[in-house]
There are 2 protein chains.
Amino acid sequence: MSSTSERLVESTRELLWERGYVGTSPKAIQQRSGAGQGSMYHHFNGKHDLALAAIRRTAEEMRAKAEEQFSGPGTVLERIGAYLLRERDVLKGCPVGRLTQDPEIVADAVLREPVDETFAWLRGRLTELLEEGRTRGELAPGLDPAATASAMVATLQGGYVLARAAGSTEPFHQAVTGILQLLATHSTK
Amino acid sequence: MSSTSERLVESTRELLWERGYVGTSPKAIQQRSGAGQGSMYHHFNGKHDLALAAIRRTAEEMRAKAEEQFSGPGTVLERIGAYLLRERDVLKGCPVGRLTQDPEIVADAVLREPVDETFAWLRGRLTELLEEGRTRGELAPGLDPAATASAMVATLQGGYVLARAAGSTEPFHQAVTGILQLLATHSTK
DNA sequence: GTCTATAGCATGATAGAC
DNA sequence: GTCTATCATGCTATAGAC
């Protein structure tokens, strides 16, 4: 199952992660995938079309990976901790969050849609988990689920920014540790 | 005081903010600044040189703006609140954090240095403030200053990401509210 | 499906006149 | 200091042969 079309999408996914939409050329995609010019334009209408397929797949994959931790075993706090502390390629950054810095993606409703949807889902899912924690008596009632959920997703995304600025994973881990410590304060266990 | 050199740097700052290093061409800089090709290459050695001047100025400006709130009046919590809630052009994102998504900036030690320095300073300065809060008895001793400081800077940076993904400032404000509420838990006042 | 050829324009920079 | 001319290369896509 390593069709040309498949290799084109995978190469585009890698390049979007590494260089963004503006920084990725059709030529680079062709070279990385081993597909020729004619081949690429046979399977896809162009850079935009290919990027859309790549972004949709990356977004879907990210949601699936997160749901693994969210629906795993343990208390709400343990599941959130498992998600935040999951192994990540920190210096590469988030393949979805990265796209929000691309002017041509943000300006294009079609390309932005899967990015928007992913973070909306992520914030919503974490809000649900925090509400579940409160209902179960694991978390203090004073906690604001929606605001806390957004702060956690933002901490992850910003942690990548700090790590890439420093050329080190250290600030990422500090940030994640920080938000988890603050959250732990609200644990009733 | 609107010399050609000055206008070139200012135009580069704007374009780096809007489109990043990879997405900014010398031609675009010339057009925005109103300077000709020869003029640009007379004042600067090229795109790299111009970008360095622009990034250094943006970084300096960002530190100065933050220090306004940090050294302002009020308790530590109030000053941190003033910083986090300061008016910002949320949908434009952070002009410094944005650069961490640029492959050619992260790969270039010279261009990355001012970005690195800015966030190192910001995290350090917030760590100091939180330590001061503990010393003064304004904040609970259980708080981890370094981790909390990193989480706060990350929340801001990630807040921009979420806002740009959503095309709305709402997630940014949720995230900032969330981290402030968590921090307020540790207030002893 | 894949190939090569070609197009029109942009990139990033240099050269040398004024 | 600023201008125009020029350069080799790259971008994104289309055309049409195989």
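Hydrogens, waters and symmetry mates play no part in the numbers below; they use all other heavy atoms, side chains included. Just so we're on the same page: letters track the sequence lines, and every chain starts at 1.
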field: Length of the CD-P vector between B:Q30 and D:dG1, whole Å
entry: 18 Å
message: Regarding A:R19 and A:T24, do their side chains bring together a donor and an acceptor under 3.5 Å, going by distance alone?
response: no
- prompt: Any side-chain N or O of B:S25 under 4.0 Å from OP1/OP2 of C:dA10?
  reply: no
message: Between B:S39 and D:dC3, is there a contact of a side-chain N or O with OP1 or OP2 at under 4.0 Å?
response: no
- request: With the side chain of A:Q37 defined as its heavy atoms from C-beta on, choose the nearest nucleotide among C:dT11, C:dT14, C:dA5.
  value: C:dA5
query: Can you tell me how far C1' of D:dT12 sits from CG of A:D49, to the nearest Å?
result: 14 Å
message: Does B:G38 reach a base, just sugar-phosphate, or nothing at all? Heavy atoms under 4.0 Å.
response: base
field: N or O in side chain of B:H43 less than 4.0 angstrom from D:dT2 OP1/OP2
entry: yes
task: Rounded to the nearest angstrom, tell me the gap between atom CD1 in B:I29 and atom P in C:dA10.
output: 16 Å
query: Distance check: side-chain N/O of A:H42 vs OP1/OP2 of C:dC3, anything under 4.0 Å?
result: no
query: Just by distance, with hydrogens left out, do B:T155 and A:T155 show a side-chain donor and acceptor under 3.5 Å apart?
result: yes
field: A:T4 side-chain N/O to C:dG1 phosphate OP1/OP2 under 4.0 Å
entry: no
query: When the distance from CE of A:M40 to C1' of C:dT4 is rounded to whole Å, what number comes out?
result: 16 Å
query: Do B:T4 and B:H43 have a side chain donor and acceptor closer than 3.5 Å?
result: no
- prompt: Please give, in whole Å, the distance from C:dT2 P to A:Y41 OH?
  reply: 16 Å
message: Do the side chains of B:R13 and B:E10 get close enough for a salt bridge, i.e. N-O under 4.0 angstrom?
response: yes
task: To the nearest Å, give me how far apart NZ (B:K27) and P (D:dT6) are.
output: 16 Å
task: Check the distance between C:dA13's P and B:F44's CZ and give it to me in whole angstrom.
output: 14 Å
query: In whole angstrom, what separates B:R19's CZ from C:dT11's P?
result: 9 Å
message: Under 3.5 Å, is there a donor on one side chain and an acceptor on the other for B:Y160 and B:R88?
response: yes
